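Scroll down for the structure; my scribbles are underneath it.
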Amino acid sequence: MPSFVTSPRDSLPDRVRLILEEGINLYRLHTNAHGRLESTKGSYEKEWVKWEKQLREVLIGDAEHLNSMQVPFESAVKQVLEQLQIIINGEYTPPSTEKRKLGLIVFAAVNLPVTEISSLLDKLVENNPKVKSFLEDKDVEPNLKKAHVTLAHKRSHGVTAVASYGHLLHQNVPVELTALLFTDEMAALEAEVGSVDDEKVIPKNEWPHITIWTGEKIAAKEANRLPQLLLEGKATRIEINPPIIISGTIEFY
């Protein structure tokens, strides 16, 4: 059992921490469904195989960093002997324990300011009768409060894809809004993510967008279907001309 120089959670590379958290989530799903049944015999067998393969790849890729975090074996033995002597002498005081709430990162996204999105929608309503007719009875406030462009989601793209944005965390990036697409069940703004210090930020989503409204019992992720619905003649596209550029920050959620 290795000992660490610093807290492993504080010093682990993002992709190592994320793959471990994904494994914890998978373990919870498995145990909720099958109790103590072996992972190779449950309904999540394929997910376990995929996760174990990704875990090996990540750990091998970060082996040098992980080794540098560990306390040398001789030093660890010396510390254990010192602690045993303290216990023998009756000088040991048990450490206090505190429960920690550990948030699990699910996706990476560009977080956008509510006021600027709201202002854009107001202008579209003012200048386009179709938009006005569509939005006049829609409550967009709940979605605008969490307005974002998803870059990668660990369920759709994998934990490594999410972690790949770690070096851009909290950085400002421009987002160009080019169109509004909507049906009677959902609406979203088409988005083009720009660059951070000349590095182009490329979303893993095929259609980068900001979901601004969904009907009752319609999940926000369903907005990904809007381009296909447009091709099928089941959605409307209103071009934003000229496009509007809004600045946001890259965050983990």
Side-chain angles (χ1 to χ4, degrees), residues 14-15 18-19 22 25 46-47 50-51 53-54 57-58 104-113 116-117 120-121 124 131 134 140 142-144 146-169 171-196 198-215 217-253:
D14 286 335
R15 66 175 191 161
L18 287 170
I19 192 68
E22 185 173 276
N25 277 344
K46 293 182 180 179
E47 286 81 358
K50 179 181 177 182
W51 177 79
K53 181 176 182 294
Q54 291 177 334
E57 292 173 351
V58 169
L104 300 178
I105 295 172
V106 177
F107 65 96
V110 180
N111 184 41
L112 294 163
E116 294 189 43
I117 302 293
L120 169 60
L121 293 178
L124 290 175
V131 178
F134 174 74
V140 300
N143 285 95
L144 291 189
K146 48 187 178 182
H148 65 273
V149 178
T150 298
L151 299 174
H153 195 290
K154 72 177 184 179
R155 290 297 179 200
S156 302
H157 311 104
V159 68
T160 304
V162 176
S164 68
Y165 298 96
H167 68 293
L168 299 173
L169 202 60
Q171 296 293 310
N172 287 313
V173 61
V175 176
E176 184 177 75
L177 304 178
T178 56
L180 171 67
L181 278 70
F182 60 86
T183 69
D184 58 357
E185 293 187 332
M186 66 193 87
L189 291 165
E190 190 174 77
E192 173 70 28
V193 183
S195 302
V196 176
D198 297 324
E199 178 182 348
K200 176 67 175 175
V201 179
I202 303 175
K204 300 298 188 281
N205 263 0
E206 290 185 14
W207 186 60
H209 64 277
I210 306 165
T211 303
I212 64 167
W213 174 79
T214 57
K217 296 183 180 179
I218 302 296
K221 67 179 182 179
E222 292 298 315
N224 284 296
R225 298 172 50 234
L226 281 167
Q228 181 60 38
L229 292 173
L230 180 65
L231 292 176
E232 297 172 2
K234 299 177 182 178
T236 300
R237 184 180 189 274
I238 304 296
E239 186 177 357
I240 300 174
N241 190 15
I244 300 296
I245 297 177
I246 297 177
S247 182
T249 58
I250 296 173
E251 307 291 348
F252 283 155
Y253 295 90

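Since this is a predicted model, take the numbers as computed values, not measurements.
Residue-environment remark: CD (Glu206) stays at or below the threshold of 12 foreign heavy atoms within 6.0 Å.
Under the 4.0 Å criterion applied to side-chain N and carboxylate O atoms, Glu222 and Arg225 are assigned as salt-bridge partners. Of the charged side-chain nitrogens involved, at least one lies within less than 4.0 Å of a carboxylate oxygen, so that Glu192 and Lys200 count as a salt-bridged pair.
Across all non-hydrogen atoms, the minimal contact from Lys204 to Tyr165 is NZ-OH, 3.3 Å. Smallest separation of non-hydrogen atoms from Asn172 and Val196: O-CG2, 3.5 Å. Closest approach of Trp51 and Glu22 over heavy atoms only: CD1-OE2, 3.6 Å. Of all heavy-atom pairs spanning Pro208 and Val149, the tightest one is CB-CG1, 4.1 Å. Nearest heavy atom pair, residue Leu226 against residue Ala188, reads CD1-CB, 3.7 Å.
Contact of the Tyr253 side chain with the Asn111 side chain is registered, since non-hydrogen atoms from C-beta on lie closer than 4.5 Å. Taking 4.5 Å as the limit, some side-chain heavy atom of Val58 sits within range of a side-chain heavy atom of Thr160. Ile238 is listed as a side-chain neighbour of Phe182, based on a closest heavy-atom distance under 4.5 Å. Contact annotation: the side chain of Arg237 approaches that of Glu190 to within less than 4.5 Å [non-hydrogen atoms, C-beta and beyond]. Side-chain contact between Ile212 and Leu180 is present, with heavy atoms from C-beta onward closer than 4.5 Å. Within the 4.5 Å cutoff, the side chain of Ile105 has heavy atoms near those of the Phe252 side chain. Taking 4.5 Å as the limit, some side-chain heavy atom of Leu177 sits within range of a side-chain heavy atom of Leu120. Ser247 places none of its side-chain heavy atoms less than 4.5 Å from the side chain of Val173.
In this structure, Phe107 has its ring center no closer than 6.0 Å to that of His157.
When only modelled atom types and interatomic distance are considered, His167 and Glu199 share a side-chain donor-acceptor pair under 3.5 Å.
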**Message:** Determine whether Val175 and Ile245 satisfy the following criterion, side chain to side chain contact (heavy atoms under 4.5 Å, CB included), listing intermediate values before the conclusion.
**Reply:** CA-CA 5 Å; Val175 176; Ile245 297 177; over 6 Å; no
**Prompt:** Does the pair Leu181 and Thr236 meet the rule for a side chain to side chain contact (heavy atoms under 4.5 Å, CB included), with working shown?
**Reply:** CA-CA 6 Å; Leu181 278 70; Thr236 300; over 6 Å; no
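Between the side chain of Trp207 and the backbone N or O of Gln228, no donor-acceptor pair lies under 3.5 Å.
Scored by the side-chain contact (heavy atoms from CB on, under 4.5 Å) test, Glu185 finds Thr183, Ile218 as partners (sequence neighbours excluded).
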